[in-house]
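Structure, as structure tokens:
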Protein chains: 2
Amino acid sequence: MPRGPGQRAGLTRAAVLDTAHALLAEEGLDALTMRALARRLGVAPNALYSHVPGKTELVDALLDDRLSLVEAPDPAAADPVAALAALMTSSYEVLLARADLLPLYLARQGSRGPNAVRLGIATDALLARLGLAAEAIPSARRALIVHAIGCAAFAGGDGPVPAEMARADFTRSLRWLLDGIAAQPAKSAPP
Amino acid sequence: MPRGPGQRAGLTRAAVLDTAHALLAEEGLDALTMRALARRLGVAPNALYSHVPGKTELVDALLDDRLSLVEAPDPAAADPVAALAALMTSSYEVLLARADLLPLYLARQGSRGPNAVRLGIATDALLARLGLAAEAIPSARRALIVHAIGCAAFAGGDGPVPAEMARADFTRSLRWLLDGIAAQPAKSAPP
DNA sequence: ACCTGAACACCGTTCAAGT
DNA sequence: ACCTGAACACCGTTCAAGT
């Protein structure tokens with residue numbers, strides 16, 4: 001029996017996001033519409049707006065949720081370059097499973113949800129351990145992020161390049177970037 | 001006076017693409033709809049389908065058109081690394097003006113229109129001049145392309161990073177990639 | 001072959017009302 | 001506060017018809 005106006009469906013923001021994740025994973029970005037999402041939840045389309053500001057914010061939340069699966073590296077890791085490589089590789093893997101979303105993410109310059117901020121801070125800490133000057137750190141961070149997201153968006157596409165090859169490309173060019181970053185002029189060392 | 005059925009509007013594929021370019025440049029990707037495009041051309045929405053297979057193909061054509069502005073480098077250039085840097089920088093600049101389209105392009109792994117193919121061949125020729133093994137050339141090409149498109153999509157976004165800074169990031173990390181590519185194990189030199 | 005009219009099957013979002 | 005019904009202002013695309 002359908003609900004009338006005023007009767008609650010027990011919807012929560014978490015339930016909306018969970019179902020959105022499932023819909024995205026199962027049917028792709030094109031199928032992720034507010035109306036299809038509402039259908040899956042058994043509510044009227046506009047009921048979603050009590051728990052989510054709009055579709056843009058929902059998509060942002062989905063991507064940042066995804067980044068919660070990446071664990072921040074130990075800032076005191078013995079080998080900061082290896083720790084950066086592991087962090088970027090882990091981000092790449094996790095983002096690959098939601099490659100549909102990445103184009104939008106790139107265009108918004110990685111609009112910063114809490115998890116993106118958390119990983120950004122961890123990245124900066126490792127870059128500082130390499131001896132980078134403070135002004136050089138944001139640039140290096142952006143280069144690594146654009147690379148990881150760009151490669152994941154590319155690999156997740158439906159083009160002719162197989163996933164394994166795209167992954168090998170990612171790893172190799174990541175090394176080139178890290179080599180370049182590590183070879184940058186260091187800030188003056190303490191005496 | 002409006003046209004009745006059967007009366008021609010003098011539409012051509014070129015006119016459709018030109019108007020689509022103008023619409024995209026003036027009002028952005030969201031405003032580029034088949035209906036808005038038809039409105040601008042003074043025809044019914046479905047009239048477009050006599051000249052263009054659909055919206056996906058139209059967008060692909062718009063991006064490849066854009067690449068026609070990039071001139072292929074001299075394959076016999078004195079400094080192949082400098083020629084590669086110039087080619088990628090020129091592509092970056094040209095794509096920046098249509099940054100809206102890049103996310104879709106990345107996801108389709110740079111779906112290859114005639115101009116994309118032309119520039120890809122030019123890139124491969126320069127990479128071969130560096131002494132790269134044949135198997136290493138497509139990987140190096142993809143790394144450069146993902147980098148250029150990824151950086152342009154990022155820079156074109158409406159985030160907090162100013163365009164000049166994004167451009168400086170692009171140039172610096174491009175150098176790192178080229179350094180890494182050029183330092184790869186060369187194929188056996190002729191005796 | 002090229003174009004129109006009408007329609008189909010959708011969108012995201014807002015507004016007024018009900019409990 | 002949370003939800004429904006109804007509506008608004010759109011989409012891309014197809015189909016039948018007209019010249």
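Just so we're on the same page: letters track the sequence lines, and every chain starts at 1.
Aromatic rings of A/Phe170 and A/His147 (six-membered ring for Trp) have centroids within the 6.0 Å cut-off, being under it.
Considering only side-chain N and O atoms, A/Arg3 lies under 4.0 angstrom from the phosphate OP1 or OP2 of D/dT4. Between B/His51 and C/dC3, a side-chain N or O to OP1/OP2 separation shorter than 4.0 Å is present.
In this structure, B/Leu48 CG and B/Arg35 CZ are separated by 10.5 Å, a value rounded to the nearest 0.5 Å. The structure places CZ of A/Arg98 at 5.5 Å from CG of A/Leu24, a figure rounded to the nearest 0.5 Å. Between B/His21 atom NE2 and B/Leu62 atom CG the span is 4.5 Å, to the nearest 0.5 Å.
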Give every donor-acceptor pair under 3.5 Å between a side-chain atom in residues 117-137 of chain A and any protein atom, sequence neighbours left out.
| from | atom 1 | to | atom 2 | distance (Å) |
| --- | --- | --- | --- | --- |
| A/Arg118 | NE | A/Asn115 | OD1 | 3.2 |
| A/Arg118 | NH1 | A/Val70 | O | 3.2 |
| A/Arg118 | NH2 | A/Leu67 | O | 3.1 |
| A/Arg118 | NH2 | A/Val70 | O | 2.9 |
| A/Arg118 | NH2 | A/Asn115 | OD1 | 3.2 |
| A/Thr123 | OG1 | A/Leu119 | O | 2.8 |
| A/Asp124 | OD1 | A/Arg141 | NE | 2.6 |
| A/Asp124 | OD2 | A/Arg141 | NE | 3.2 |
| A/Asp124 | OD2 | A/Arg141 | NH2 | 3.3 |
| A/Arg129 | NH1 | A/Pro75 | O | 2.8 |
| A/Arg129 | NH1 | A/Ala77 | O | 3.0 |
| A/Arg129 | NH2 | A/Ala77 | O | 2.8 |

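Annotation: side chain of A/Thr171 is not in contact with side chain of A/Thr89 (no heavy-atom distance under 4.5 Å).
Between D/dC10 and C/dA9, the two C1' atoms lie 13 Å apart (nearest whole Å).
Residue-level contact check: A/Ala47 touches the bases, meaning some heavy atom is under 4.0 Å from a base atom.
Taking atom CG of B/Leu48 as the reference point, atom P of D/dC11 lies 12 Å away to the nearest angstrom. The CG-P distance, from B/Leu37 to C/dC3, rounds to 13 Å in whole Å. The nearest whole Å value for the distance from the CZ atom in B/Arg39 to the C1' atom in D/dC11 is 11 Å.
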- [ ] Could you encode protein contacts along nucleotides 12-19 of chain D as a string, one character per nucleotide from 5' to 3', using B for base contact, S for sugar-phosphate-only contact and - for no contact, with a heavy-atom cut-off of under 4.0 Å?
- [x] BBBB--BB

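Using N1 to N3 plus N6-O4 or O6-N4 for Watson-Crick, or N1-O2 and O6-N3 for G-U wobble, each under 3.5 Å, C/dC15 pairs with D/dG5.
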